[in-house]
Protein chains: 2
Amino acid sequence: MNIGEAAAHANLPPKTIRYYEDIALIRPARAANGYRDYSQTDVHRLRFLQRARSLGFTIEECRALLSLYEDEHRASADVRAVATQKIGEVERKIAELQGMKATLKRLVQCCHGDERPDCPILEDLAGGPLPETGATRAPR
Amino acid sequence: MNIGEAAAHANLPPKTIRYYEDIALIRPARAANGYRDYSQTDVHRLRFLQRARSLGFTIEECRALLSLYEDEHRASADVRAVATQKIGEVERKIAELQGMKATLKRLVQCCHGDERPDCPILEDLAGGPLPETGATRAPR
DNA sequence: TGTGAGCCTTCCACTTACTGGAAGGTCAAG
DNA sequence: CTTGACCTTCCAGTAAGTGGAAGGCTCACA
């Protein structure tokens with residue numbers, strides 16, 4: 001099957017599928033005319049990738065999961081460890097975003113939001129929490 | 001003051017501050033020896049940027065906020081609108097991450113996590129939700 | 001006077017995971 | 001025979017920095 005059909009089956013854009021081939025996540029056969037020719041197995045791999053990416057696994061994690069998937073002797077504990085770690089990362093991101101949201105909401109509530117020039121949001125941005133002198137820490 | 005000291009005051013790495021200059025967010029003076037020379041106003045801008053970035057505003061949003069900050073006649077409603085929209089974006093991201101987390105937790109709970117090779121996590125990744133075309137599927 | 005540490009400078013490359021677009025080949029329908 | 005929908009490759013760009021090389025400046029210390 002051509003890339004367009006494979007893309008429809010895998011719910012991925014053709015460009016993304018070609019990119020996955022570039023980075024050696026998949027190696028489709030080629031038809032006589034030079035077109036990529038995807039087997040059912042290829043489509044299966046693509047769907048695996050689509051699903052794993054949508055769950056927040058990075059490309060390299062997907063690569064690892066895929067090789068575990070194709071390893072007949074893997075231990076399910078190995079996969080579980082990857083997923084568990086990912087849950088932790090997702091939780092940290094959620095907490096960070098919730099912190100942002102709380103601060104933004106507070107700022108918006110303080111702001112009268114009219115035509116006057118004085119704005120508590122800008123004042124907070126300008127004068128927000130200070131590091132004590134000397135502490136160099138990169139924000140993330 | 002030199003970039004290192006400005007970095008400490010602003011809680012930003014020197015590299016990032018140079019990058020902000022590259023993209024014209026800040027224009028420090030130069031000392032006779034070619035070193036960048038940051039004024040108190042420059043440091044103030046840098047701290048504004050650090051704070052706004054840490055709240056999730058993009059560089060371009062920071063640029064807009066900064067120009068509002070320096071516009072004596074801006075309306076506070078304009079700033080409020082930017083912040084309110086950002087809250088919406090943050091909320092959408094949180095919801096997405098919570099969806100990921102729920103799915104990952106379900107998968108981890110289903111996985112026995114031992115030395116056996118069968119793993120519900122991989123099975124789900126391989127056979128997860130399908131787009132319309134092709135195989136039968138259960139809706140999420 | 002030299003020297004070494006620790007600053008500072010510029011420039012280039014790399015990161016993630018694609019996405020857009022140009023130039024051109026292939027195929028089926030009308 | 002042409003048109004339009006596919007397909008191919010290659011190049012470039014995105015966001016927001018980060019890492020490192022190669023070299024200049026300053027200051028304390030011997």
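Protein chains get the first letters and strands the later ones, always in sequence-line order, with residue 1 at the start of each.
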>> Please pick, from dT26(C), dT10(C), dA16(D), the nucleotide with the shortest atom-to-atom distance to any side-chain atom of Arg30(B).
In response: dT10(C)
> Do Tyr20(B) side-chain and dG17(D) base share a donor-acceptor contact under 3.5 Å?
Replying inline: no
> Does Arg53(B) place a side-chain N or O at less than 4.0 Å from the phosphate oxygens OP1/OP2 of dG17(D)?
Replying inline: yes
> Given dT9(C), dG19(D), dT9(D), which nucleotide is nearest the side-chain atoms of Lys15(B)?
Replying inline: dG19(D)
> What's the closest nucleotide to the Arg36(B) side chain, out of dG17(D), dT9(C), dT26(C)?
Replying inline: dT9(C)
> Can a salt bridge be assigned to the pair Arg92(B) and Glu89(B) using a cut-off of 4.0 Å between side-chain N and carboxylate O?
Replying inline: no
> Relative to the ring of His44(B), is the ring of Tyr69(B) parallel (under 30°), tilted (30 to 60°) or perpendicular (over 60°)?
Replying inline: parallel
>> So Pro13(A), base contact, sugar-phosphate only, or nothing? Heavy-atom distance under 4.0 Å.
In response: sugar-phosphate
>> Applying a 4.0 Å non-hydrogen cut-off, can you work out what Ile23(B) is touching in the nucleic acid: base, sugar-phosphate, or nothing?
In response: nothing
> Can you name the nearest heavy-atom pair linking Val108(A) to Ala83(B), along with the distance?
Replying inline: CG2-CB, 3.6 Å
> Side chains of Asn2(A) and Asp37(A): closer than 4.5 Å at any heavy-atom pair?
Replying inline: no
> For the pair made of CG in Asn2(B) and P in dC7(C), what is the distance, rounded to whole Å?
Replying inline: 11 Å
> Between Glu21(B) and Arg27(B), is the closest basic N to carboxylate O distance under 4.0 Å?
Replying inline: no
>> Students often get this wrong, so: under 4.0 angstrom with heavy atoms, is Arg18(A) touching a base, only sugar-phosphate, or nothing?
In response: base
> Within the structure, does a side-chain N or O atom of Thr16(B) lie under 4.0 Å from either OP1 or OP2 of dT18(D)?
Replying inline: yes
>> Can you confirm whether Leu104(A) sits close enough to Phe57(B) that some side-chain heavy atom of one is under 4.5 Å from a side-chain heavy atom of the other?
In response: yes
>> Is there a side-chain contact between Asn33(B) and the phosphate of dC8(C), meaning an N or O under 4.0 Å from OP1 or OP2?
In response: no
> Tyr19(A) OH to dT19(C) P: how many Å, rounded?
Replying inline: 10 Å
> When the distance from CG of Asp22(A) to P of dT9(D) is rounded to whole Å, what number comes out?
Replying inline: 9 Å
> For His112(A) and Asp114(A), does a side-chain donor sit closer than 3.5 Å to a side-chain acceptor?
Replying inline: yes
Just the atom pairs and distances: protein N or O near nucleotides 2-5 of chain C's N or O, under 3.5 Å.
none

